[in-house]
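Some notes on the structure that comes next.
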2 protein chains.
Amino acid sequence: MLDNRSGCPINLTMEVIGDRWSLVVIRDMMFGNRRHFRELLENSMEGIASNILSARLKHLVDIGLLSRSDDPSHKQKVIYSLSESAIQLVPVMATIGAWGRRHRPATRELSIRAQLLEEGGPELWEEFMDELRVLHLGASPKSEFSVLQKLTEAFQAAAEATKSELPSSDRDKIK
Amino acid sequence: MLDNRSGCPINLTMEVIGDRWSLVVIRDMMFGNRRHFRELLENSMEGIASNILSARLKHLVDIGLLSRSDDPSHKQKVIYSLSESAIQLVPVMATIGAWGRRHRPATRELSIRAQLLEEGGPELWEEFMDELRVLHLGASPKSEFSVLQKLTEAFQAAAEATKSELPSSDRDKIK
DNA sequence: CTATCCAATTGCATTATGCAACTGGTTGTG
DNA sequence: CACAACCAGTTGCATAATGCAATTGGATAG
């Protein structure tokens, strides 16, 4: 897993997020506010396996993108949090999402978040990062508007709209 | 290799560039203007193996990020070109480079390009993308300034500066 | 006391990556 | 024309990563 093949920033970043799962896990924590192992496992759109998730989380903690702490409300629960480094991946997420939306067969309802992030631009990203700092690093809130909430609402509204486009009777026909 | 685990733009992008080599190969073509198999193989900072490079190029051509054509000057030579989709990865490269420069142990001389791209911002990226369209897609030149040249010069100057910091006698001691 | 929840781990199969050597052919040089 | 260098890969083999299904050793809720 560990490399350090060269000191090039692009290479070094790919050594960290250059696999099929790391960014997807961080995406779910970032935009879906998943903080527990189970949440990440069972709500994973892509269906990550538990051993892969386990290895991925361990690695992300090791390299300082996540931190792992006990949940005071439950002795067995573990809370994963984004580090400042991971929070600063927001522009990367936005840029990658914008690219994927244009150049890959992205679903419309799943693209709505990418679209809002792209349209919002760097100012929105900064606002969102501040919100993540409140949620994950215990920072004190700066603004009252919730970008996370806006993104989530738009995402769910799009999901609803898609549902009505394709009635349940039709959807049932799809195995 | 082929997945399509979900229609999420971020996931779909990671299914394309989410491996250790794809972005590094595209980086060398983009910033180092490497167009032939040998150039990519022998000038690779990270030391890619020929079978990996071969598989990677094949895959990138398959998914439409590169095109492959015969070199008219040499019957055995093959020219690889960036497609419009790949050229539009410039903002992704810039954002990823900026992140790596801050959050990973990047070498200073290898960071100079990432730094210039970051400081130049979206306007510089657009200019650079236009230059890539000239080089890779046969577009007609729009501007006389060469961002590629600027980036290359800065990169080589930084490499020279590093050389003088560490004289050859000292460098030789390092096995 | 028991069913459910929790964060993983285990065993096993399939893929991907990595290394070194090699292939079949083309081109430039003497 | 002979020969070395160059060209884009391929082959065989070892190691590492990923994926699937079942299971573990607890903790908690009813």
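By convention in this document, chain letters (A, B, ...) are assigned in the order of the sequence lines, proteins followed by strands, and residues within each chain are numbered from 1. Remember, it's a predicted structure, so these values are computed and weren't measured experimentally.
In this model, the phosphate group of dT9(C) is approached by a side-chain N or O of Ser54(A) to a distance below 4.0 Å at OP1 or OP2. OP1 or OP2 of dG9(D) lies within a sub-4.0 Å distance of a side-chain N or O belonging to Tyr80(B). Between Arg68(A) and the phosphate of dA8(C), there is a side-chain N or O to OP1/OP2 separation shorter than 4.0 Å. For Trp21(B) and dG18(C), the shortest distance from a side-chain N or O to OP1 or OP2 is below 4.0 Å. For Lys77(B), a side-chain nitrogen or oxygen approaches OP1 or OP2 of dC7(D) to under 4.0 Å.
The separation between Phe37(B) atom CZ and dC7(D) atom P is 12 Å, rounded to whole Å. If you take NE2 of His59(B) and C1' of dT15(C), they are 14 Å apart, rounded to a whole angstrom. In this structure, Asn51(B) places its CG atom 14 Å from P of dA16(C), rounding to the nearest Å. If you measure from atom NE2 of His74(A) to atom C1' of dC5(C), you get 6 Å, rounded to the nearest angstrom. The CG atom of Leu53(B) sits 12 Å away from the P atom of dG18(C) (whole-angstrom rounding). As rounded to whole Å, 11 Å separates atom P of dC20(D) from atom CD1 of Ile48(A). Following rounding to the nearest Å, Lys75(A) (NZ) and dG26(D) (C1') show an atom-to-atom distance of 11 Å.
Using a 3.5 Å distance cut-off with no hydrogens or angles, the side chains of Gln156(A) and Glu160(A) do not pair a donor with an acceptor.
Ion pairing between Arg20(B) and Glu15(A) fails under the 4.0 Å rule for side-chain N and carboxylate O. With salt bridges taken as basic N to acidic carboxylate O contacts below 4.0 Å, none links Lys77(A) and Glu39(A).
If Glu42(A) and Ala55(A) are placed on DNA chain C by their nearest nucleotide, the residue sitting closer to the 5' end is Glu42(A). If Ser73(A) and Arg38(B) are placed on DNA chain D by their nearest nucleotide, the residue sitting closer to the 5' end is Arg38(B).
In this structure, Arg5(A) reaches neither bases nor backbone, as no heavy-atom distance under 4.0 Å exists between it and the strands shown.
When side chains are defined from C-beta on, Leu82(B) does not count as touching Leu137(B), because their heavy atoms never get closer than 4.5 Å.
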